[in-house]
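Worksheet: the structure to be examined is printed underneath.
Quick note: residue numbers are just sequence positions, from 1. What you see is a predicted model, and the numbers here were worked out from it, not measured in a lab.
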Amino acid sequence: QVQLVESGGGLVQAGGSLRLSCAASGNIFSINAMRWFRQGPGKQRELVATITSVRSTNYADSVKGRFTIARDNAKMMVYLQMNSLKPEDTAVYYCNADLKIWRYSDYEEYWGQGTQVTVSS
């Protein structure tokens with residue numbers, strides 16, 4: 001059974017910081033790209049950050065300079081360090097990863113259940 005589980009969300013004041021974690025588990029052969037998405041109230045889900053298998057990164061313009069994505073391949077984890085948080089960052093944050101399962105040939109995209117981040121002013 002393969003799953004992604006996020007943690008680290010919570011309530012913070014504007015200007016504060018949070019670090020989100022996502023742990024992959026199960027019969028995973030390899031992990032390609034890992035990503036963080038978010039979905040604010042009444043908004044569509046948007047891509048926040050991507051990190052490839054060789055640690056190349058990409059960020060949404062709205063979070064550049066404030067957020068940092070990182071991964072630990074040995075632990076099969078991906079992180080999102082969020083600094084200088086703004087109320088507009090309030091959203092459910094979702095972990096996403098391309099996973100290859102043992103004895104299966106293709107990568108498939110998996111999602112975590114989401115973790116709530118609320119930024120107060």
For this session: For V48 and Y93, work out which heavy atoms get closest and say how close.
Result: CG2-CE2, 4.4 Å
Exercise. Is a side-chain donor-acceptor pair under 3.5 Å present for Y107 with S30?
Worked result: yes
Exercise. Any side-chain heavy-atom pair from S62 and R38 closer than 4.5 angstrom?
Worked result: yes
Exercise. Hey, mind stepping through R35 and I69 against side chain to side chain contact (heavy atoms under 4.5 Å, CB included) and telling me if it holds?
Worked result: CA-CA 8 Å; R35 310 170 187 88; I69 188 170; 5.7 Å; no
Exercise. Rounded to the nearest 0.5 Å, what separation is found between the NZ atom of K100 and the CD1 atom of I31?
Worked result: 13.0 Å
Seminar exercise, completed: Closest heavy-atom pair, A24 versus L4, reported as atoms and distance to 0.1 Å, is CB-CD2, 3.4 Å
For this session: Mark yes or no: R45 above the aromatic ring of Y94, with NZ or CZ under 6.0 Å from the six-membered ring centre and no more than 45 degrees from the axis.
Result: yes
For this session: Find out whether L47 and W36 are in side-chain contact, i.e. whether some heavy atom of one side chain is under 4.5 Å from a heavy atom of the other.
Result: no
For this session: Look at D89 together with K86 and state whether they make a salt bridge at an N to O cut-off of under 4.0 Å.
Result: no
Problem set entry | M76 backbone acceptor or donor facing N73 side chain under 3.5 Å | no
Problem set entry | Pairwise side-chain contact, M82 with R19, heavy-atom cut-off 4.5 Å (strictly under) | no
For this session: Hey, could you give me the CG/SG distance between L80 and C95, rounded to the nearest 0.5 Å?
Result: 10.0 Å
Problem set entry | Under 4.5 Å side-chain linkage, directly or through intermediates, the cluster mates of Y79 | M77
Exercise. Roughly how far, to the nearest 0.5 Å, is OG of S25 from NZ of K75?
Worked result: 15.0 Å
For this session: Decide yes or no for V2 and I28: does some side-chain heavy atom of the first lie under 4.5 Å from some side-chain heavy atom of the second?
Result: yes
Exercise. With E88, which residues qualify under side-chain hydrogen bond (donor to acceptor under 3.5 Å, both in side chains), at least two apart?
Worked result: none
Exercise. Between CD1 of I51 and CE of M34, what distance do you get to the nearest 0.5 Å?
Worked result: 9.0 Å
For this session: Find out whether F67 and N83 are in side-chain contact, i.e. whether some heavy atom of one side chain is under 4.5 Å from a heavy atom of the other.
Result: no
Problem set entry | Sub-4.5 Å side-chain heavy-atom contact between R71 and T57 | no
Which donor-acceptor pairs under 3.5 Å do side chains of residues 109-121 form with protein atoms, sequence neighbours excluded?
unit_1	atom_1	unit_2	atom_2	d
E109	OE2	N96	ND2	3.4
Q113	NE2	E6	OE1	3.4
T115	OG1	G9	N	3.3
Q116	NE2	A91	O	3.4
Q116	NE2	T118	OG1	3.3
S120	OG	V12	O	3.4

Problem set entry | Other residues, nucleotides, ligands: >12 heavy atoms within 6.0 Å of R103 CZ | no
